[in-house]
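What you see is a predicted model, and the numbers here were worked out from it, not measured in a lab. We're numbering straight along the sequence, starting at 1.
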Amino acid sequence: MWNADLQKTFLDEYYAWIQTTSLNTVTGIADFKVRAFSQGTTEAFDKFYLKNSSRRLRYFKGEYMYHQVAGRQYFDYAGTFIDDGALESNDLVVISLPFSDTRNEHPRMKEVLEECTRLNIPVLVDYAYLGICSGITFDLTHPCITDVTFSLSKTFPVPHLRIGMRLTRQDDDDALLVMNKTGYTNRLSIQVGLDLIRTWTPDSIPTM
């Protein structure tokens, strides 16, 4: 039977599921009310690049290699490591938490977020590892953060189903939101994702 509410149900329950972690702390998520299903985190990255294509992409050494590819392919100049120079007002920043290379918070993360807020640099924070971590504070209160991404690919053995969610502060009617509003999303992946989060908590894997 066709379930017209499947996508909304998944997004609502995934949003709530994230906040049930007792091994981590999630703050400021209430400011991100606009939810969209995405093909893992990667589709959300692409939409973030497109909306900020006139800027210079910045990321730390050890970040997900996809950003290096994007810097080379999508921008007029290759992205540059944050480690190699000061941030500038025309930059955009992507950072993962836990950090992709070390599985903990990058030691310069708070410094960078404060600088991005001062310079009005848009930031996407990748929370794909929530579900396999503990002792992390997921702080979304920094005004520079415009996009937040989540994925079930790291938590469960479903990377090829591409089950993710993007949160934003505002509905800017971008391509990802249009696809969600028209229901043109992968309903098979959505149903699998819903079954997974109804069976396991964000703390299930770390406490096994």
*Asks:* Looking at Lys181, I'd like to know if its NZ atom is crowded, meaning that more than 12 non-hydrogen atoms belonging to other residues, nucleotides or ligands lie closer than 6.0 Å.
*Replies:*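 Atom NZ in Lys181 is crowded, with more than 12 foreign heavy atoms closer than 6.0 Å.
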
*Asks:* Between Asp46 and Glu43, is there a donor-acceptor pair closer than 3.5 Å when you use the side chain of the first and the backbone of the second?
*Replies:* no

*Asks:* Quick check on Lys51: does its NZ atom have over 12 non-hydrogen neighbours (other residues, nucleotides or ligands) under 6.0 Å away?
*Replies:*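 Atom NZ in Lys51 is packed in, count exceeds 12.
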
*Asks:* Consider only side-chain heavy atoms of I, L, V, M, F, W and Y, link residues closer than 4.5 Å, and tell whether Val93 and Leu140 are in one cluster.
*Replies:*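 Yes; tracing contacts between hydrophobic side chains, which count when under 4.5 Å, links both residues.
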
*Asks:* Please list every donor-acceptor pair under 3.5 Å in which a side-chain atom of residues 120-134 meets a protein atom from a residue at least two apart or in another chain.
*Replies:*
from: Asp126; atom 1: OD1; to: Ala128; atom 2: N; distance (Å): 3.0
from: Asp126; atom 1: OD1; to: Thr149; atom 2: OG1; distance (Å): 3.4

*Asks:* Using a distance-only test with no angle check, is there a side-chain donor-acceptor pair under 3.5 angstrom linking Thr102 and Asn104?
*Replies:*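 Per modelled atom types, Thr102 and Asn104 side chains form a pair under 3.5 Å.
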
*Asks:* For the pair Tyr66 and Tyr64, name the ring-plane relationship: parallel under 30°, tilted 30 to 60°, perpendicular over 60°.
*Replies:*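 Correct class here is parallel.
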
*Asks:* Pick from Asp83, Asp101, Asp84: which one makes a salt bridge (Lys or Arg N to Asp or Glu O under 4.0 Å) with Lys61?
*Replies:*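 So, applying the salt bridge (Lys or Arg N to Asp or Glu O under 4.0 Å) to Lys61 and each of Asp83, Asp101, Asp84, only Asp84 qualifies.
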
*Asks:* Do the side-chain N and O atoms of Arg58 and Thr80 include a donor-acceptor pair separated by under 3.5 angstrom?
*Replies:*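 Judged by distance alone, the side chains do pair up.
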
*Asks:* Parallel under 30°, tilted from 30 to 60°, perpendicular over 60°: which one fits the rings of Tyr59 and Phe81?
*Replies:* perpendicular

*Asks:* Give a yes-or-no answer on whether the side chains of Thr141 and Asp139 include a donor-acceptor pair shorter than 3.5 Å.
*Replies:*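 Distance-only check passes for Thr141 and Asp139.
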
*Asks:* Test Phe99 against every option in Glu105, Met109, Glu63 by the side chain to side chain contact (heavy atoms under 4.5 Å, CB included) rule and name the one that passes.
*Replies:*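 Among Glu105, Met109, Glu63, the one meeting side chain to side chain contact (heavy atoms under 4.5 Å, CB included) with Phe99 is Glu63.
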
*Asks:* Is a side-chain donor or acceptor of Thr201 paired with a backbone partner of Ser204 at a separation under 3.5 angstrom?
*Replies:* yes

*Asks:* Assess the side chains of Asp203 and Thr21: does a donor N or O sit below 3.5 Å from an acceptor N or O?
*Replies:* yes

